[in-house]
Amino acid sequence: MATMGAMAAMGALPAGALPPLPTLGVPGVPELKPLTRYEAMRLGPGWSHSCHAMLYAPNPGMLFGRIPLRYAVLMQMRFDGLLGFPGGFVDRRYWSLEDGLNRVLGLGLGCVRLTEADYLCSHLTEGPHRVVAHFYARQLTLEELHTIEISAVHSRDHGLEVMGMVRVPLYTQKDRMGGLPNFLANSFVGTAKFQLLFALKILNMVPEEKLAEAVAATQKPKKSAIDQAGGATTKPANELAVPAKTGDDFADRAENQAAGQVVAEAVEQQVAGLESGAMVVPVAEVVEQPVGLGADAVAEQPVAEPME
C-alpha cells in the first residue's frame with residue numbers, strides 16, 4: 001500500500017506505461033536493481049530466491065522520558081555475528097514465496113504467518129551469486145510484537161542459527177551518533193541493511209533526510225581509543241616546560257652535596273670512636289660548621305682522648 005502511494009505521488013502516467021519502481025536514493029548506500037514480483041517469477045532456474053520479513057509496530061514510548069521511539073522494528077542477531085531479518089532461501093520447486101517464508105519464520109519465530117498482501121519489494125543482489133531478494137513487511141500491535149519476541153526465545157533455532165531478536169533504534173541522539181547511526185555502523189548480512197533503509201523510507205517511518213544523516217554519520221572517521229586517551233591527557237606546552245637551571249641553582253646543589261659528605265664522614269668517625277672507646281665530636285656540631293669549609297673542617301676538629 002505504501003509503495004502504491006509513493007508511485008501515485010509521481011503523477012499520472014501515459015496510457016500503457018508502467019510506473020517506475022521506487023529506489024532508496026540515500027547517499028553512501030549502493031542501489032540495488034529493483035524488479036516487480038512478476039518479473040522476479042519469470043526469471044530462469046539459475047536464480048535463487050530469498051525471502052525475509054520486517055515485523056514492526058507503532059511504539060508510543062519515550063526514551064528517558066523525552067526521545068520518542070515511534071516504532072519498534074525487529075531484526076535478528078545471527079549465528080555469524082551479522083544482523084539480518086527473519087527469513088531465508090525458498091526452494092521454488094516445492095514452495096511458493098509466502099509458503100517458503102512462513103516455513104522459515106515458523107522455525108525462528110514460531111507464531112506468525114505472512115501473505116502476498118505483506119509483499120513490499122524485490123531486488124537483484126550484487127555479487128557472483130544470482131539471487132533475488134524478496135522483502136515483506138507486516139505492521140502489528142506492540143502487544144503482538146512483544147508476543148513474537150517471547151515466542152522466538154522458545155523456537156527451535158534460538159541459540160543456534162539465531163542468537164536473539166533486537167529492536168532497531170529509529171531515533172538519533174544529540175551527539176549525532178547514538179541510536180540509528182550507531183546501529184547502522186554494525187555489520188549486516190547480504191541485503192539486510194539496504195532493505196531496512198528502503199522499508200523505513202517507503203513506509204514513511206523515518207524521513208529520508210534523517211536516513212541520509214544517519215548513514216553519513218557512520219561514514220565519518222572515528223578516533224581510536226588510544227588517540228582519545230592521548231588527547232585527554234595532553235597538556236599545553238607551557239605546562240610541560242621545565243624552567244632552565246641557573247648558576248645559583250647549581251651552586252646550591254653543590255653546597256648541599258658537600259654538607260651531605262660532611263655528615264657522612266662525621267657518622268663514620270663516631271662509629272670508629274665508639275669501637276675504640278674514644279669520645280668523638282657529635283654530628284650536630286659538625287653540621288653547624290660553615291659549608292664552605294668542606295671536608296677539611298672535620299679533620300681540624302680535636303679528637304678527645306679515650307676515657308678510662
Side-chain angles (χ1 to χ4, degrees), residues 1-11 13 18-37 39-40 50-60 63 67-76 82-87 101 114 116-126 131-140 142 145 166-173 176-220:
M1 296 294 291
T3 304
M4 296 177 62
M7 294 178 179
M10 299 178 184
L13 296 170
L18 294 176
L21 294 175
T23 58
L24 178 57
V26 173
V29 180
E31 286 284 354
L32 298 181
K33 182 180 179 181
L35 69 167
T36 65
R37 179 188 174 94
E39 291 171 335
S50 68
C51 296
H52 294 84
M54 184 180 83
L55 306 176
Y56 67 100
N59 187 353
L63 178 64
I67 302 176
L69 299 178
R70 303 184 63 191
Y71 290 93
V73 177
L74 291 188
M75 293 191 75
Q76 292 177 331
L82 301 177
L83 289 168
F85 287 102
L101 174 60
L114 302 184
E116 188 174 341
D118 300 311
Y119 171 82
L120 186 64
C121 60
S122 297
H123 290 88
L124 296 179
T125 63
E126 298 179 343
V131 178
V132 185
H134 306 280
F135 198 54
Y136 294 73
R138 165 77 69 85
Q139 178 173 321
L140 307 169
L142 195 57
L145 197 75
V166 297
R167 293 190 183 188
V168 181
L170 301 184
Y171 50 83
T172 299
Q173 294 180 266
R176 303 298 182 185
M177 282 302 298
L180 184 58
N182 274 335
F183 186 84
L184 294 177
N186 287 300
S187 297
F188 295 77
V189 63
T191 58
K193 183 176 181 178
F194 177 91
Q195 290 171 329
L196 171 63
L197 295 171
F198 185 86
L200 294 179
K201 173 187 174 181
I202 295 300
L203 299 177
N204 297 316
M205 298 171 67
V206 177
E208 184 175 350
E209 61 273 14
K210 295 297 183 182
L211 292 178
E213 291 175 2
V215 171
T218 65
Q219 297 172 345
K220 294 180 180 179

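With rounding to the nearest 0.5 angstrom, the CG atom of Leu145 is 4.0 Å from the CG atom of Leu74. Of the inter-residue distances, the one linking Ser50 atom OG with Phe135 atom CZ reads 10.5 Å to the nearest 0.5 angstrom. Taken to the nearest 0.5 Å, the OH atom of Tyr136 stands 7.0 Å off from the OG atom of Ser122. Interatomic distance, CZ of Arg138 versus CG of Leu114, reported as 5.0 Å (0.5 Å rounding). One finds the OG1 atom of Thr125 at 12.0 Å from the NZ atom of Lys33 (value rounded to the nearest 0.5 Å). Interatomic distance, NE2 of His134 versus CG of Leu120, reported as 12.5 Å (0.5 Å rounding).
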Derivation and outcome, side-chain contact (heavy atoms from CB on, under 4.5 Å), residues Thr172 and Glu213
CA-CA 9 Å; Thr172 299; Glu213 291 175 2; over 6 Å; no
Passes side-chain contact (heavy atoms from CB on, under 4.5 Å), Leu180 versus Lys210? Steps please.
CA-CA 10 Å; Leu180 184 58; Lys210 295 297 183 182; over 6 Å; no
side-chain contact (heavy atoms from CB on, under 4.5 Å) evaluation trace for Leu203 with Gln139:
CA-CA 10 Å; Leu203 299 177; Gln139 178 173 321; over 6 Å; no
Under 3.5 Å, sequence neighbours excluded: what are the donor-acceptor pairs made by side chains of residues 187-200?
from	atom 1	to	atom 2	distance (Å)
Thr191	OG1	Gln195	OE1	3.4
Thr191	OG1	Gln195	NE2	3.3
Lys193	NZ	Leu184	O	3.3

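Between Ala212 and Val26, the shortest heavy-atom distance links the atoms CA-CG1, 3.9 Å. Scanning both residues, Leu32 and His123, for their nearest heavy atoms gives O-CD2, 3.5 Å. Taking each heavy atom of Leu101 and Ala53 in turn, the nearest pair found is CD2-CB, 4.4 Å. Across every non-hydrogen atom of Asn59 and Arg167, the tightest pair is ND2-NH1, 3.9 Å. Across every non-hydrogen atom of Leu35 and Tyr119, the tightest pair is O-OH, 4.1 Å. Between Leu83 and Met75 the shortest heavy-atom distance is C-CE, 4.3 Å.
Judged purely by atom type and a 3.5 angstrom limit, Glu31 uses its side chain to pair as donor or acceptor with the backbone of Leu24. Checking side-chain atoms of Arg70 against main-chain N and O of Tyr171 turns up no donor-acceptor pair under 3.5 Å.
Side-chain contact between Ile202 and Cys121 is absent, with no heavy atoms from C-beta onward closer than 4.5 Å.
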